[in-house]
Amino acid sequence: MLIKLLKAERLKLKRSPIWLAFLIMPIIPAILGTLNYSANIELLKSEWYSLWTQHTLFTCYFFLPIMIGIYCAYIMRIEYNNHNWNKVFTMPVNRMMIFISKLITSSSIILISEIWICILFIISGIIVDIQAVLPLKSILIWCLFGTLGGIVMAAVQLTFSLYIKSFAIPVGIALVGGISGLAFLAKNFGHIWPYSLMAYGMNSNSPQKIIESGYILFMFICIVYIIAFILIGSFIMSKKNI
Amino acid sequence: MIKLLKCEYKKTRRKYILFTALLITIIQLCWALYGNYTEFSIKNGWMMFLYQLPLVNAIFMPLLSIIVSSRLCDMEHKGSMFRKILVIAEKGKIYDAKLIYGFSIIFFCNILNWCVTIIFGYIKGFSGDVPIILYLLYLLFTVVPTFAVYIFQHTISLLFKNQAITFFAGVIGTFCGLFSMFLPQIPILRKSFIWGYYGVLQFVGLFGWTKEERYLNAYFEIMDIDWIFFTILIAICIVMYVIGKKLFCGKEV
């Protein structure tokens, strides 16, 4: 059933140029972050780690949360247009599955975006001729845990977009969420706040901490949040007046 | 025009557009003003704000413009309301009315932001009187780039039914503008994007800061104001307005 729902979601998004933004957006920090790294090479001594910070700092706090917010709002908006919720809810499908299929759809674009960020990061590192060995394991961990944190954010945003009919307000919430994530990270609560988890997972602020902190608790919290928001989303769907 | 503006007001009742804009402004103020104020900060507070706030504006003002313009235009796209409105008013006037109404919300937020910043400076007890001429210039250099960004957002929000496109275009532009502020060694970069003009028109610089000594020998200094690019920005506003209006008037709704 889930596979069919995912196929349906893919069909709904067919010919929509939204995914392009997730490919274009990481190019900007890749170019400008690399230029900034090259300009301040005497201050930024940690080579690959410093370059990673330049690439991901603003991406994690402001722009990726907003992009995820827009994508989730768009996925829900398709259903709000032309009373499509009526058609969706009359299908013999569990409402939780509908929410999960939308979450998987948004998660896949987050994963693609993360992989693309990593590819651009490696290319940039080669261009600026970083001599240190490429921390491939760390990059993989940043990418995967960043995606996991991003899925939590997507689950929250999907819930907001489901509850709020407007397109812009959930995006505004994503902006506020991204900023609040910065504040929570600064106060060392980054591992428990849903909007900090992506930046925490990607270690955009201090990449070296990745090995020290460990990720078991991080994974546990992410999974708890994802399950909680799937349940909340399904509950809203079951009570929703269409 | 007055009737069209009243019409806009009535359409936006209970849409919480002003409320959303105020909420974003409050968050911006909290972020900009919160922090540890050292002796250096209190002594140089007025100049420090003029140095720091354009960066915060470069993040928040474009995003505020995206949200307000999208909210105002999206309600017309829903249910093909443009067809109904265009029966009673000209396309060009609708474009103008929405632009004036939307930007007045942004302008109000700008003024509020400016006033709160100055009041906060007094409460914190910054040394000396507020350099009012510099602060008026700062207000001007915040409002004009925001107006340019708003015209752009307003136009694409009217042209595209799919508001996700307008959001993505705005966010990518904001990203370019923000990053260009971190690359002062490539000035052409910030001058190439309307979102980068918060940095182009920044006229206070921090000098003498080093990694080792930090603020020990640091000082703020007024730099030359780039009036040529300020004029270019105004010209960009006029060109975007004319092209945007023409495109909207030529579009089938």
Side-chain angles (χ1 to χ4, degrees), chain A residues 16-22 24-40 42-43 45 54 57-59 61-67 69-75 77-78 80-82 164-180 182-183 186, chain B residues 15-17 19-21 23-24 26-28 30-31 34-35 56 58-60 62-64 66-75 77-79 157 160-186 189-190 193 196 210-212:
Chain A
S16 166
I18 302 302
W19 61 273
L20 264 175
F22 282 85
I24 296 167
M25 195 271 293
I27 297 173
I28 302 160
I31 296 170
L32 301 179
T34 309
L35 283 173
N36 200 27
Y37 173 81
S38 308
N40 298 295
E42 66 282 359
L43 289 171
K45 301 268 184 204
Q54 297 302 309
L57 199 62
F58 288 112
T59 315
Y61 296 130
F62 301 111
F63 298 101
L64 216 45
I66 298 173
M67 303 290 259
I70 299 169
Y71 197 76
C72 293
Y74 184 73
I75 286 178
R77 189 186 170 83
I78 294 169
Y80 275 113
N81 285 345
N82 306 317
I164 304 165
K165 206 174 172 181
S166 156
F167 184 84
I169 291 176
V171 182
I173 292 170
L175 163 69
V176 176
I179 294 161
S180 72
L182 183 66
Chain B
K15 290 266 179 196
Y16 305 111
I17 295 176
F19 176 75
T20 312
L23 199 69
I24 293 172
I26 290 166
I27 291 159
Q28 177 184 359
C30 289
W31 191 31
Y34 178 77
V56 185
I59 299 170
F60 281 89
L63 295 173
L64 188 63
I66 299 169
I67 290 172
V68 171
S69 63
S70 170
R71 290 279 283 157
L72 284 176
C73 302
D74 190 37
M75 62 186 181
H77 288 303
K78 277 181 191 167
S157 296
F160 291 99
K161 203 174 176 181
N162 184 352
Q163 291 302 298
I165 294 171
T166 70
F167 268 82
F168 279 128
V171 170
I172 289 170
T174 310
F175 210 176
C176 291
L178 180 63
F179 255 105
S180 71
M181 290 185 79
F182 287 91
L183 293 162
Q185 60 274 32
I186 314 170
L189 197 67
R190 55 174 73 174
F193 303 102
T210 57
K211 201 181 177 186
E212 295 77 29

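Chain letters run A, B, ... following the sequence lines, proteins first, then strands; residues in each count from 1. Quick note: numbers below take in every heavy atom, side chains included, and nothing from hydrogens, waters or symmetry partners.
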TODO: Select one option (side chain, backbone, both, neither) describing which atoms of B:L189 are under 4.5 Å from chain A's heavy atoms.
DONE: side chain

- [ ] Under 4.5 Å, counting heavy-atom pairs only, tell me which of B:F167, B:F179, B:F175 racks up the most with chain A.
- [x] B:F175

Task: A:F22 and A:Y71 aromatic centres sub-6.0 Å - done: yes

- [ ] Specify the closest pair of heavy atoms between A:P26 and A:A21, including all atoms of both residues, with the distance to one decimal.
- [x] CD-O, 4.3 Å

Task: chain A interface, residue from B:T20, B:I66, B:V68, B:L63 that has the most non-hydrogen pairs under 4.5 Å - done: B:L63

- [ ] Check each atom of B:Y34 against the heavy atoms of chain A and say whether the ones under 4.5 Å are side chain, backbone, both or neither.
- [x] side chain

Open item on the list: Quick check: do B:R190 and B:P184 have side-chain heavy atoms less than 4.5 Å from each other?
Closed with: yes

Task: Max heavy-atom pair count under 4.5 Å with chain A, selected residue of B:L23, B:N162, B:L64 - done: B:N162

Open item on the list: Is B:I59 close to chain A through its backbone or its side chain, or both, or neither, when contacts mean heavy atoms under 4.5 Å?
Closed with: side chain

Open item on the list: Is B:I172 close to chain A through its backbone or its side chain, or both, or neither, when contacts mean heavy atoms under 4.5 Å?
Closed with: both

Task: For chain B, the option from A:V176, A:L20, A:I28, A:L35 that forms the most heavy-atom pairs under 4.5 Å - done: A:I28

Open item on the list: For B:S69 versus B:S157, what's the shortest heavy-atom pair and its separation?
Closed with: OG-OG, 3.5 Å

- [ ] Would you name the heavy atoms of B:M181 and B:A58 that are closest together and state the gap between them?
- [x] SD-CB, 3.5 Å

TODO: Identify which part of A:T59 has an atom lying under 4.5 Å from any heavy atom of chain B, answering side chain, backbone, both or neither.
DONE: both

Open item on the list: Hydrogens and angles aside, do A:Q54 and A:N36 bring a side-chain donor and acceptor to less than 3.5 Å of each other?
Closed with: yes

- [ ] Against chain A, label B:L178 side chain, backbone, both or neither, depending on which of its atoms sit under 4.5 Å from a heavy atom there.
- [x] side chain

Open item on the list: Does any backbone or side-chain atom of A:L182 lie under 4.5 Å from a heavy atom of chain B? Answer side chain, backbone, both or neither.
Closed with: side chain

Open item on the list: If I compare all heavy atoms of B:Q163 with all of B:S70, which pair ends up nearest, and what's the gap?
Closed with: OE1-OG, 3.0 Å

TODO: Determine whether A:I179 and B:Q28 make a side-chain contact, defined as any pair of heavy atoms from C-beta on separated by less than 4.5 Å.
DONE: no

TODO: Mind listing the closest non-hydrogen atom pair of A:S166 and A:A168 along with its distance?
DONE: OG-N, 3.2 Å

Task: Which atoms of B:T174 approach chain A - backbone, side chain, both or neither, heavy atom under 4.5 Å - done: both

Task: Interchain contact, B:I67 with chain A, by part (heavy-atom threshold 4.5 Å) - done: both

